[in-house]
Amino acid sequence: MNFETLAQTLDCGQCFRWSRLPDGSWEGVAGGRYVRLAGESLSRTLRDPFWARYFDLDRDYAGIRAQLSGLDPALAEAARFAPEIRILNQEPWEALCSFILSQCNNIGRIRGLVARLCRLYGEPIGGGHSAFPAPQALAALREEDLRAAGCGFRAPYVLDAAQKVASGELDLEKIQSLPLGSARAGLMCIRGVGPKVADCALLYGMHRLEAFPMDVWMKRTMRRMFPGKKPSWFGPYAGIAQQYLFHYSRNHPELFR
DNA sequence: GACCAGGTATTGC
DNA sequence: GCAATACATGGT
């Protein structure tokens, strides 16, 4: 991975806390750490164990990409469009909460909403930046607080998720170790978490690479390019295939008209 | 001002 | 089971 290809990973819809500065560098917060990524400093940052894991550096994405590309020409083309996409190791709670907020919302607004929640309820980490709010912090709020922050009808969903996680009723560590179906079912006990949000939490927050979030774009894509195929057809890296296809489709909306 | 945005819960058949 | 509908909010 190099600085030129960073955008493919940070701007493909899997994360909401990164932004590009006017000078072209990226800044973001993950795991309570702020970082600015510029051409010169990138390799140094990636030597830090935390960021190496965050960017999933130990995984052979070239090999996975080749394997997926062999499955189907359309998938190969999507992979060629953004070959450097990697699935980040985001925190389980942050991914779960962020994708609860994503429903019926657009990516720009999700970023703004997440930023507001972090500023209001996240732990300050210096430099005017804040960590993602802990489940305990959000569980202590009232629904109207979350509505005031702009969550809209998702406010009770966020609250229910925060309360279940903060109380230990839902143990995200435990969820991670379950078979995919059980993990999904566990997450779907939260009000406002259906199959799509559960799969996003699993893929982006718990690195379950076989999870395949099926949003409107992926429904269109599957109908158009893979009729009759199910997510499991893509195999153990279905989630990575999903990310290639999602990003490709969003950048080629004319394919669906 | 309608229309849309990485859905889900509820309702009615 | 499955289609229709409500749900907040801000940007085109």
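Residue numbers start from 1 in every chain, and the chains themselves are labelled A, B, ... in the order their sequence lines are given, proteins ahead of strands. All values derive from a computational prediction rather than experimental measurement.
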Contact class for A/Gly194 vs. all strands (heavy atom < 4.0 Å): base, sugar-phosphate, or nothing?
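Counting heavy atoms under 4.0 Å across all strands, the contact made by A/Gly194 is with sugar-phosphate only.
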
From A/Leu209 CG over to A/Ile240 CD1, what is the distance, rounded to the nearest 0.5 angstrom?
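So the gap between those two atoms works out to 4.5 Å.
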
With A/Asp11 via side-chain contact (heavy atoms from CB on, under 4.5 Å) - residues at least two apart
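Counting only residues at least two positions away or on another chain, A/Asp11 forms a side-chain contact (heavy atoms from CB on, under 4.5 Å) with A/Trp26, A/Arg111.
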
Please report the distance, rounded to the nearest Å, between [atom1] in [X] and [atom2] in [N].
{"X": "A/Ile100", "N": "B/dA5", "atom1": "CD1", "atom2": "P", "result": "21 Å"}
{"X": "A/Met188", "N": "B/dG7", "atom1": "CE", "atom2": "C1'", "result": "11 Å"}
{"X": "A/Arg191", "N": "B/dA9", "atom1": "CZ", "atom2": "P", "result": "7 Å"}
{"X": "A/Leu101", "N": "B/dT8", "atom1": "CG", "atom2": "P", "result": "13 Å"}
{"X": "A/Ile85", "N": "B/dG6", "atom1": "CD1", "atom2": "C1'", "result": "14 Å"}
{"X": "A/Ile190", "N": "B/dG7", "atom1": "CD1", "atom2": "P", "result": "17 Å"}
{"X": "A/Arg111", "N": "C/dG10", "atom1": "CZ", "atom2": "P", "result": "17 Å"}

Checking A/Leu57 against A/Trp51 for the side-chain contact (heavy atoms from CB on, under 4.5 Å) test, could you report, in this order, the C-alpha distance in whole Å, the side-chain angles of both residues, the deciding distance, and whether it holds?
CA-CA 9 Å; A/Leu57 293 190; A/Trp51 293 109; over 6 Å; no

Among side-chain atoms of [X] and [Y], is any donor-acceptor pair under 3.5 angstrom?
{"X": "A/Tyr121", "Y": "A/Asp145", "value": "no"}
{"X": "A/Glu27", "Y": "A/Tyr34", "value": "yes"}
{"X": "A/Ser25", "Y": "A/Arg36", "value": "yes"}

Distance between P atoms of B/dT8 and C/dG10 (Å, rounded)
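Pairwise P distance, B/dT8 against C/dG10, rounds to 22 Å.
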
Pairwise P distance for B/dG6 and C/dC2, with rounding to whole Å
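Those two atoms are separated by 26 Å.
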
Grab the N/O contacts between the protein and nucleotides 5-9 of chain C below 3.5 Å, and write none if there aren't any.
from	atom 1	to	atom 2	distance (Å)
C/dA8	OP1	A/Arg147	NH1	2.7
C/dA8	OP1	A/Arg147	NH2	2.9
C/dA8	O4'	A/Phe153	N	3.1
C/dT9	O2	A/Arg109	NH1	2.4

Ignoring hydrogens and angles, are the base of B/dG6 and the side chain of A/Gln14 linked by a donor-acceptor pair under 3.5 Å?
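Per atom types, no contact qualifies.
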
Measure across A/Cys200 and A/Pro213 and return the closest heavy-atom pair with its distance rounded to 0.1 Å.
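In terms of heavy atoms, the two residues are closest at SG-CB, 3.6 Å.
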
Got more than 12 heavy atoms from elsewhere within 6.0 Å of CG, A/Asp60?
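More than 12 within 6.0 Å, yes.
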
According to salt bridge (charged side-chain N to carboxylate O under 4.0 Å, His left out), who are the partners of A/Asp48, at least two apart in sequence or on a separate chain?
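By the salt bridge (charged side-chain N to carboxylate O under 4.0 Å, His left out) rule, A/Asp48 matches no residue at all.
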
Identify, residue by residue, the members of residues 203-221 of chain A with a heavy atom below 4.0 Å from DNA chain C, and return them in order of residue number, or none.
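The answer is none.
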
Row check, A/Trp233 ring normal vs A/Lys229 NZ/CZ: under 6.0 Å, within 45°
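Yes.
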
Can you tell me which residue pairs pass the ring-ring contact (aromatic ring centres under 6.0 Å, His included) test with a partner in residues 179-207 of chain A, sequence neighbours excluded?
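Those involving residues 179-207 of chain A are A/Phe99-A/Tyr204.
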
Protein-nucleotides 1-4 of chain B N/O pairs closer than 3.5 Å?
none

